[in-house]
Amino acid sequence: MAWTLMDTWDHSVSGNTASPLAFTGLAGAQDIMIVVRDVTLSVAGFLGVQVSIDNGANYYNTSGDYVSMNDAGVISNADYFRITSTSIATARAGHKIIHATNVNGIVKPDSQSEGSRRHQFRASLSPIDAVQLIASAGGNFTGGFVYCLGRF
Amino acid sequence: MLVMSISNKRPTVPPPSDAEGDLQAEASLIVGAGAVISVDAGALVVDASVIQGAGVVPLFAEGELQAASSVVDGSGQVHIIGEGDLQVDASLVDGTGTYSAATPEWQVLGSWDHAVSGNTASPIDFNGLGGCDELMVIYEDLERSISGITSFQLSVDNGVSFFSTSGNYRFMTDNGSPNNFTAWRATNSNATTDTSGMVHIMGNTGAVPKTARMTHTGLYGTSDFVGSLSAVDAIRVFNSGGGNYIGGRITVLGYK
């Protein structure tokens with residue numbers, strides 16, 4: 001089915017906004033995609049995504065909730081799905097797709113624009129119904145756009 | 001003949017029916033002689049010509065009947081034209097005569113779990129994957145009894161045979177130069193230790209080469225399958241070194 005734009009954050013509308021940016025109401029989405037366009041930060045950090053299974057009441061943010069895989073398939077614990085590979089404050093763009101988010105009983109894999117590690121969300125096998133974009137070092141989002149899409 | 005389209009959402013309450021293409025509603029749902037069923041943008045007026053002798057009218061779940069704009073007037077009324085029963089495409093009707101248009105979704109079509117099956121000889125085949133627009137294999141912490149690379153081969157005859165000739169599978173460099181292989185690999189660990197990853201096959205139902213995205217971020221991350229342009233309906237997961245799978249889990253999903 002079609003990708004549907006579920007929510008947008010636009011710095012020119014919202015101004016500086018503290019990390020994280022939450023996107024809820026995603027229940028039923030087969031896949032979820034976050035697109036970041038020229039996002040700048042007040043504090044250098046990585047861009048990443050954390051997920052929720054209770055529509056944003058709680059987000060998984062503990063090391064080991066997610067794993068990253070290198071090219072050999074060897075895992076390392078992570079506390080979010082990473083989008084960008086450099087800890088930096090200047091404008092960055094990219095996307096993250098979390099797959100099969102509505103399937104119960106499986107880990108959720110990702111794919112993304114960045115050419116480094118892929119991930120799996122393992123802390124819960126339940127459907128994902130909310131995500132949040134994080135700046136790994138906190139601070140504010142100070143520019144750019146963020147789009148959240150669901151595939152229904 | 002009615003001119004309308006039906007949204008492909010699943011009805012919350014599948015309507016009863018006695019035959020394919022001849023949906024019927026319970027008497028309790030019939031209003032007066034003409035029958036009115038509420039929809040989002042007004043009332044659906046059913047022409048008397050489509051009411052059967054017993055007062056039966058087509059039934060849809062609330063909000064899930066959509067009419068082409070050409071048959072909706074300014075007041076939101078849907079005008080049914082033609083005569084006879086509402087005709088439902090056979091593909092939307094299941095064996096019991098129930099309307100069952102399905103929204104494509106990810107479904108678990110196969111799995112192997114060492115905790116359930118114990119040590120299992122390589123290869124592990126997953127058949128019955130026909131009709132999927134996309135396919136995905138997720139593997140977690142796979143251990144092998146003999147060093148080897150976790151690999152994948154495809155079938156278009158439901159697992160009777162798997163393509164295994166060099167050039168059936170290709171990996172592309174950044175400049176698009178193909179490299180021939182006898183199988184896909186999503187990760188590149190030639191070992192026995194835990195390996196995790198994912199293969200995502202896209203465009204499966206079209207008569208096109210099948211492209212896939214892998215966990216590997218280098219050469220083995222961009223691939224295609226050109227052994228056949230037919231839809232893939234089975235996937236073989238195997239260890240290039242043979243032996244047994246002695247730990248981990250494999251899940252196969254289909255989007256259909």
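The shown structure was predicted, so the numbers you read here are calculated from the model rather than taken from an experiment. Lettering of chains follows the sequences in order, A, B, ..., and the numbering in each one begins at 1.
- Of all heavy-atom pairs between B/Ser189 and A/Ala72, the closest is CB-O, 3.0 Å.
- Residues of residues 108-135 of chain B that come within less than 4.5 angstrom of chain A, heavy atom to heavy atom, are B/Val108, B/Glu134 in numerical order.
- The nearest pair of heavy atoms linking A/Ile75 to B/Ser196 is CG2-OG, 3.5 Å.
- Using a distance-only test at 3.5 Å, with no hydrogens or angles considered, no donor-acceptor pair links the side chain of B/Thr187 to the main chain of A/Asn70.
- Taking 4.5 Å as the heavy-atom cut-off, none of the residues of residues 48-68 of chain A approach chain B.
- Residues of residues 197-207 of chain B lying under 4.5 angstrom from chain A, judged on non-hydrogen atoms, are B/Gly197, B/Met198, B/His200 by number.
- Although no hydrogens or angles enter the test, the distance criterion places a donor-acceptor pair under 3.5 Å between the side chain of B/Arg213 and the main chain of A/Gln112.
- Judged by distance alone, with hydrogens and angles left aside, the side-chain atoms of A/Gln30 form a donor-acceptor pair with the main-chain N or O of B/Trp106 at under 3.5 Å.
- For chain A, the nearby parts of B/Asn188 are the backbone and the side chain; heavy atoms of each come within less than 4.5 Å.
- Here the CD1 atom belonging to A/Ile106 is positioned 9.0 Å from the CZ atom belonging to B/Arg249, to the nearest 0.5 angstrom.
- Within residues 136-148 of chain B, the residues having any heavy atom under 4.5 Å from a heavy atom of chain A are, by residue number, B/Met136, B/Ile138, B/Tyr139, B/Glu140, B/Asp141.
- Looking at A/Val107, the atoms closer than 4.5 Å to chain B (heavy atoms on both sides) sit in the backbone and in the side chain alike.
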